[in-house]
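Computation of the quantities below employed the complete heavy-atom set of this structure, encompassing side-chain atoms and omitting hydrogens, waters and symmetry-equivalent molecules. A, B, ... follow the sequence lines: proteins, then strands. Residue 1 opens every chain.
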2 protein chains.
Amino acid sequence: MPIDIPDVVIDRLPLYYRLLERLEAEGRSVVSSQELGTELGVTPAQIRKDLSYFGRFGKQGRGYSVHRLADELRQILGLDTRWRVTVVGIGRLGRAIASYPGFEGQGFDIIALYDASPSLVGTEIEGRTVRDVSSLREDLEREPVDIGIVAVPGEVAQEVVDTLVNAGVQAILNYTPNRVQVRTDVELKHINPVLFLQSMTYHLKRQRDER
Amino acid sequence: MPIDIPDVVIDRLPLYYRLLERLEAEGRSVVSSQELGTELGVTPAQIRKDLSYFGRFGKQGRGYSVHRLADELRQILGLDTRWRVTVVGIGRLGRAIASYPGFEGQGFDIIALYDASPSLVGTEIEGRTVRDVSSLREDLEREPVDIGIVAVPGEVAQEVVDTLVNAGVQAILNYTPNRVQVRTDVELKHINPVLFLQSMTYHLKRQRDER
DNA sequence: GATCGTTTGTGCTAAATTGCACACACAGGC
DNA sequence: GCCTGTGTGTGCAATTTAGCACAAACGATC
């Protein structure tokens, strides 16, 4: 299997997968790239090409078996196993993340929560006890996790990320507004709603000024 | 001023702007594209080219005036005015959004909160009273907003978005896992952390299997 | 079993995006 | 005022990404 599959392609697969899950739930058995495309707002050709990196899952004249394709994507994306996640930073955002049912439902087990505040440590969130972030490092030695979600104040983001990465965490989802650096072999994604808003205002301003 | 500036460029500007703000706060007066690039993990040439779409802000041999460039970007991105925002859906996520200081600090005024649950309507969050979503439509007529942040359950996302758009809201930030459709002249961004995790597991699986 | 309407997989082309590399400009020292 | 070191702005080339368009395949129908 070729190693050089573009990242843009990988980033689209979860989108396809999510739609297929919905169609599966609706009881649809077959779907065409045309239909997937209109639903997602992308061209059918792009979907076919993206999928063709991984194999030939469709049947000419018919389309794709919804169940079969969903299954293949599960395999490809590694969603056929469960992944161990830890959340560091249990402020309002961290709590929202820890309580969000969408993670567990998709195979992501939030196995531990950490915070630095003594008033939070020891409290329970959705049946999980908040632990002291000072024991993060040693805890990870005993019970490693695959993914770290970081929702601490921006100033300590890099520090927390370093701790996670040094303890072997391979993927970081950074909810803080600060960009952090990691080794190139560690997966890293940033979620910063302000950046989204700021690129939207660019267009809003132009719409407002005229046209 | 040319209309056809690529969206990829626009999406990078807030990134540059955020770094410049930090440098401004640190008291730096001049910075080179080289330095901006290493800090952000992009090539200096890309930064220079991106900026050149909008004008010539640098000085050869010196670099960019931090204050001047930050100012220009504020202008370009429309961050020299305040923007009116409403949040619909005041569950755990909506509350985290409503309380996040990063929005107000960047010129985004959250002027109203809405929810459908009778137990929430009337309660106060950060000094704002949660209103009933059934009055959203008429409220928007009286006090319009520029941006709608949607944090309702996925099933009603499209419905809420339609209400917002029909009432003249020009930009939507959708926190629900459901993709929604809007007119092409409305700005729309999706924030779905699960999609991020799912593309990360693709790489995690490959790292694990070998290499 | 031939024909027809569909839809895939993909070679090839077009478009978008990135980045090299250099002329030109500026500041500082001599 | 000339030289030197540095860093911008940009023409151009390379690379990446998207998408057209068609042969091949499949199922249904007669």
Measure CZ/Arg56(A) against P/dG9(C) and give the value in whole Å, please. 7 Å
Using a 4.0 Å heavy-atom cut-off, does Pro44(A) contact any base of the nucleic acid, only the sugar-phosphate backbone, or nothing at all? nothing
Could you tell me whether Lys189(B) and Asp11(B) make a salt bridge, using a distance below 4.0 angstrom between a side-chain N and a carboxylate O? yes
To the nearest Å, give me how far apart CG (Leu40(B)) and P (dG19(C)) are. 14 Å
Between Thr43(A) and Ser52(B), who's closer to the 5' end of DNA chain D by nearest nucleotide? Ser52(B)
Rounding to a whole Å, what distance do you find between Phe54(A):CZ and dT10(C):P? 13 Å
Can you tell me if Arg128(B) uses its side chain to pair, donor with acceptor, with the backbone of Ile110(B) under 3.5 Å? yes
CD/Glu104(A): more than 12 non-hydrogen atoms of other groups inside 6.0 Å: yes
Hey, is Asp109(B) close enough to Arg84(B) for a salt bridge, meaning N to O under 4.0 Å? no
Start and end of the DNA chain D segment that chain A contacts, any atom under 4.0 Å from a heavy atom: dT17(D) to dG27(D)
Send over the distance from Leu51(A) CG to dT7(C) P, rounded to a whole Å. 16 Å
Please answer whether the main-chain N or O of Leu77(A) pairs with a side-chain N or O of Thr201(B) as donor and acceptor at a distance below 3.5 Å. yes
In numerical order, the residues of residues 62-77 of chain A whose heavy atoms come under 4.0 Å of DNA chain C are Arg62(A), Gly63(A), Tyr64(A)
Lys205(B) side chain to Gln75(A) backbone, donor-acceptor under 3.5 Å: yes
Between Glu138(B) and Arg142(B) (salt bridge meaning N to carboxylate O under 4.0 Å), is one present in this structure? no
Does Arg48(A) reach a base, just sugar-phosphate, or nothing at all? Heavy atoms under 4.0 Å. base
Does the distance from a Lys or Arg side-chain N to an Asp or Glu carboxylate O, for Arg28(B) and Glu35(B), drop under 4.0 Å? yes
Is it true that Glu72(A) and Arg56(A) have a side-chain N and a carboxylate O under 4.0 angstrom from each other? no
Return the residues of residues 17-36 of chain A meeting this criterion: a heavy atom under 4.0 Å from some atom of DNA chain C. Order them by number, or give none. Ser32(A), Ser33(A)
Establish, for the pair Arg206(B) and Tyr202(B), whether the NZ or CZ atom is under 6.0 angstrom from the six-membered ring centre and no further than 45 degrees off its axis. yes
Between dT10(C) (P) and Gln46(A) (CD): distance, integer Å: 16 Å
Residue whose nearest DNA chain D nucleotide is more 5′ - Val42(A) or Lys59(A): Val42(A)
How many Å lie between OH on Tyr53(A) and P on dT8(C), as a whole number? 18 Å
CD/Glu126(B): more than 12 non-hydrogen atoms of other groups inside 6.0 Å: yes
